[in-house]
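All chains are named by letter (A, B, ...) in the order of the sequence lines, taking the proteins before the strands, and each is independently numbered beginning at 1. Predicted, not measured: the structure shown is a model, and the values here were computed from it.
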Protein chains: 2
Amino acid sequence: MAGITIKDIASMAKVSTGTVDRVLHNRGGVSIQSKTKVEKALKKLNYTPNLVARGLALKDSYKIAIILPKFDQDEYWKQQIIGIKRAYKEIQNFGFTIKMYNYDFLHQGSLDAIIKRLKRHKVHAAIVAVESDQESKKLFCFLEDNHVFYIQINAHIERANPNFLSFVGQDSFQSGRLAAMLLNYACHINKDFAILHMEEYLATSPHLNKKQSGFLTYLEDQKLKSKVVIKHIQTVTQRDELRKVLKGILSKNKKLGGLFISTSRVHAVGEILIELKRTDIVLVGFDLLTENIEILKKYPKMFIINQNASLQGFYAMQFLFKHLMQNQNLEKIKYLPLDIVTKENLINHLHMQQRDKLISAKI
Amino acid sequence: MAGITIKDIASMAKVSTGTVDRVLHNRGGVSIQSKTKVEKALKKLNYTPNLVARGLALKDSYKIAIILPKFDQDEYWKQQIIGIKRAYKEIQNFGFTIKMYNYDFLHQGSLDAIIKRLKRHKVHAAIVAVESDQESKKLFCFLEDNHVFYIQINAHIERANPNFLSFVGQDSFQSGRLAAMLLNYACHINKDFAILHMEEYLATSPHLNKKQSGFLTYLEDQKLKSKVVIKHIQTVTQRDELRKVLKGILSKNKKLGGLFISTSRVHAVGEILIELKRTDIVLVGFDLLTENIEILKKYPKMFIINQNASLQGFYAMQFLFKHLMQNQNLEKIKYLPLDIVTKENLINHLHMQQRDKLISAKI
DNA sequence: AACTTTATCGTGTGCGCACACACAATTTTT
DNA sequence: AAAAATTGTGTGTGCGCACACGATAAAGTT
C-alpha cells in the first residue's frame with residue numbers, strides 16, 4: 001500500500017522523476033501526453049507522498065504567522081500558545097516555522113503595524129484571533145490579497161474569503177445548554193437560577209450572549225418554569241462589590257438553586273458563597289484555572305466546563321499542517337469537546353494539563 | 001534553538017559525523033576523549049535529532065507487533081484498532097511497520113502459536129492485550145528474552161520486567177466513583193441504587209470489581225446511607241431474562257433512584273425501562289456504542305461514561321514512538337480521560353468518532 | 001623487521017523528495 | 001537559412017541521519 005515513490009511513478013509512466021514532480025506540483029512545462037501518462041500511474045499505484053522526505057526537502061519553507069492579542073498574563077491566551085507550540089513541536093521538522101505577532105487589544109492602529117510586519121516577512125499561512133471590528137477587516141483583506149491561508153480561532157467572523165480555511169473554537173451555545181442541564185440535574189428542589197456574566201471587557205460579550213441563550217433554550221425545551229436572574233458584572237476584581245450583588249440575588253430569590261457563571265471567574269463566587277454559608281447553591285463555571293481547581297476541591301457541588309484552550313491552538317496548527325502538507329479538506333467549523341470536570345474526575349484532567357506544561361517548558 | 005545537526009556537533013567537537021553518530025547510539029569504538037568532547041557539544045548546543053531525517057534514513061526498521069484477542073465483531077476491540085491505525089498513520093513514514101497478531105480468547109495454546117510467529121518475524125516492540133493467566137506468562141517471558149519492549153493495554157498485569165514500558169488503560173475504580181457521583185447528583189429523592197454487571201465472560205470481572213468498589217467507596221465517603229443491590233447477568237442477549245431481573249429489582253426496592261450498568265449493555269436496560277414506563281430511574285453506563293447513542297437520545301436521564309477505546313490504542317502507539325524514537329521517559333501508567341456524555345453534549349463526541357472512522361477507512 | 005590485530009575515526013551512500021540547472025527538441029524570429 | 005526564444009525532459013544536489021566500509025595509527029605477534 002505505502003512505499004510507492006515518485007521513482008515508481010516515473011518508471012511506470014516512462015518519464016523522469018523530474019517530470020513526475022512537475023505534474024505533482026503543477027509547475028507546467030509538461031506535454032499533455034506525459035501529463036496523462038503520469039496521472040494514470042499516480043492513480044493506478046495510489047501514490048501518496050512520503051511526508052518525512054518532503055519535510056526534509058522543504059526545510060523551513062512554510063512560514064506561519066500567529067496573530068494574537070497581547071495578553072501575556074491571561075491564562076487563557078497562555079494556553080492557546082501552549083497548544084500551538086505543542087503542535088508545532090510535532091511538525092517543526094516538516095519544514096514549518098512559526099512567528100508570533102501580538103497586537104494591543106485596546107490600542108487603535110496596532111493591527112496596522114502587524115500588517116506592515118507581515119508584508120515584510122512573506123508568510124504562507126496564519127492563525128488569527130481577532131474580534132469583529134473595523135480593524136480586523138483590513139487584516140483579512142491583506143491576507144486575501146497576498147494569498148495567505150488562515151485559520152480563525154476564538155472568534156468566528158463570517159466572511160466570504162477564499163483563503164479562510166476553518167474556524168476552531170468553542171461552541172458557546174452548546175456550553176450554555178450543557179450548563180443548564182447540569183444545574184437541572186443537580187438541583188433537586190429549588191429550580192430557579194441566576195446567570196452571572198463577569199467580564200470587564202464588553203468585547204467578549206458575543207460569547208456570553210450565546211452561552212446565555214443556550215442556557216435559556218435548554219430550560220424552555222425542558223419546559224421548566226424556572227425564574228432566571230441575569231447580571232453583568234464588570235468590576236471583576238472587587239470582591240466587596242461581588243459580595244453585595246450575590247447577597248442581593250440570594251435575598252430576593254428564595255428558590256434559587258444554582259448559579260451559572262459564564263466566564264472563568266467562578267472561583268470568586270465560590271469563595272464568597274462559602275463565607276456566606278450558602279454552599280447549598282450549585283455552581284457551574286468555565287475553565288480549569290488554578291483558582292478554579294482550588295475551589296472545585298473545596299466546594300460541595302460544583303461543575304467546571306472545561307474548554308481546554310490549549311486544544312484550540314493545537315487543532316489550529318494541526319489543521320494548517322493537514323491543509324498545507326496533505327491537501328486534506330478541512331471542516332469549516334471545528335468545535336472543541338466540552339469536558340465536564342468535577343471533584344471526582346478532576347485528576348484525569350490535571351494529568352493532561354501537566355503534560356501540556358511539561359511540553360511547553362521544553363520548547 | 002532547533003536546527004542543530006550532527007554536523008554542528010561534529011565541527012564543535014572537532015570529530016567526524018560518524019563519531020558523533022557512534023556516541024549518540026552507543027555503538028562503541030570511540031575513545032574517551034572524543035566521547036566527552038562530543039557529549040559536551042551535545043549538551044552545549046542542546047541537540048535534538050531531526051526525527052524527519054531519522055525516519056527517512058531508517059526506512060522500515062521498527063517492526064511493531066500488535067497482539068490482541070480475536071474479536072472481529074466486538075466494537076470495543078474494533079476501536080482499539082482504529083486508534084492504533086490512527087497513530088500508525090501519523091508515524092508510518094518514520095520507519096515503522098505494524099503487524100497484527102490475533103489469538104483466540106478461548107482456545108488454549110493459541111498464544112503459543114503467536115509466539116512462534118513472533119520468533120520468525122523479529123519484532124522490536126509490541127502492544128499487548130492479554131488477561132492475567134498462565135498462557136500470558138509465556139508470552140511475557142518470550143518478550144523479555146528477546147529484548148522486545150512492550151506496552152500493555154486493557155489489562156494491567158504487574159510484572160517486574162525491564163522491557164515493560166507502560167500500561168495504557170482505563171481507571172476502573174475512578175469510573176465507578178464517577179458513576180456514583182453522577183447518580184448522587186441526579187437522583188433527588190430516592191437514593192438507593194443497583195449495580196448490574198452484564199457480561200458473559202467472567203474473564204473481565206477484575207474490571208467490573210474495580211468499578212464496583214469505586215462506586216461503593218464514593219457512597220461511603222459521602223456518608224450516604226444508600227442501599228445498593230448488586231446483580232451479575234451472564235445471559236446478556238436474552239431480553240426476557242433481563243426484563244425479569246429488572247422487574248424483580250424494581251418491585252423489591254421502592255426507593256430505587258438509579259441503575260449503574262458496569263458494561264456497555266446499558267441500552268438493553270434503557271429499552272426495557274421505557275417499556276415498563278419507569279424512566280424515572282436514572283441510568284449510568286459505559287461506551288458510546290451505536291445502540292447506546294440511540295437510547296441516550298431517547299431516555300430522559302442517562303449518562304454514558306465514555307472510555308474512548310480508540311484513545312487507548314492511540315496512546316499505546318504514541319508511547320512506543322516516544323520511547324523508540326525520542327528516548328522519552330514514559331509514565332508507567334497512563335489512564336484515559338473519563339468523558340461524561342449526555343444528550344446535550346453528545347454531538348461533540350460524535351464528531352470525534354466520525355473523524356476516527358474516516359481516518360481508519362482511509363488506511 | 002615484517003606482519004597481524006585492534007582501537008579509533010573519516011568518508012561515502014542512500015532514504016524520498018523538491019528544486020535548480022543542463023541540455024535537447026522544437027518553434028519562432030531575424 | 002541561421003539565430004534566438006521557447007518548450008519538454010533528464011540529471012544532479014542537498015535536506016539530516018544511519019550505517020557500511022575503508023583508512024589510519026598504535027599496539028601486539030612472529
Starting at atom [atom1] of [X], determine the distance to atom [atom2] of [N], rounded to an integer number of angstrom.
| X | N | atom1 | atom2 | value |
| --- | --- | --- | --- | --- |
| B/D21 | C/dG12 | CG | P | 16 Å |
| B/K14 | C/dT8 | NZ | C1' | 19 Å |
| B/R27 | C/dA7 | CZ | P | 18 Å |
| B/I32 | C/dC9 | CD1 | C1' | 15 Å |

Legend entry - Nucleotides bounding contact with chain A, strand DNA chain D, heavy-atom threshold 4.0 Å: D/dG8 to D/dG16
Inset, instruction - Describe, in one word, how the ring planes of B/Y101 and B/H121 are oriented to each other, choosing from parallel (under 30°), tilted (30 to 60°) and perpendicular (over 60°). - result: tilted
Inset, instruction - Could you label the plane-to-plane angle of the B/F96 and B/F321 rings as parallel, tilted or perpendicular, counting under 30° as parallel and over 60° as perpendicular? - result: tilted
Inset, instruction - Map B/A53 and B/G18 onto DNA chain D by nearest heavy atom, then report which one ends up closer to the 5' terminus. - result: B/A53
Legend entry - Results of side-chain contact (heavy atoms from CB on, under 4.5 Å) for A/A53 - residues two or more places apart only: A/N50, B/L56
Inset, instruction - Kindly write out the residues that satisfy side-chain contact (heavy atoms from CB on, under 4.5 Å) with A/L139, not counting sequence neighbours, or none if the list is empty. - result: A/I67, A/L111, A/I115, A/L118, A/V128, A/V130, A/L143
Inset, instruction - Indicate, with a heavy-atom threshold strictly under 4.0 Å, whether B/Y47 touches base, sugar-phosphate, or nothing. - result: sugar-phosphate
Inset, instruction - Remember a base hit wins even if backbone is also touched, and classify B/V52 as base, sugar-phosphate or nothing at under 4.0 Å, heavy atoms. - result: nothing
Legend entry - Short side-chain N/O contact to C/dC9 OP1/OP2 from B/S34, under 4.0 Å: yes
Legend entry - Nearest-0.5 Å distance, CE of residue B/M100 to NZ of residue B/K70: 14.5 Å
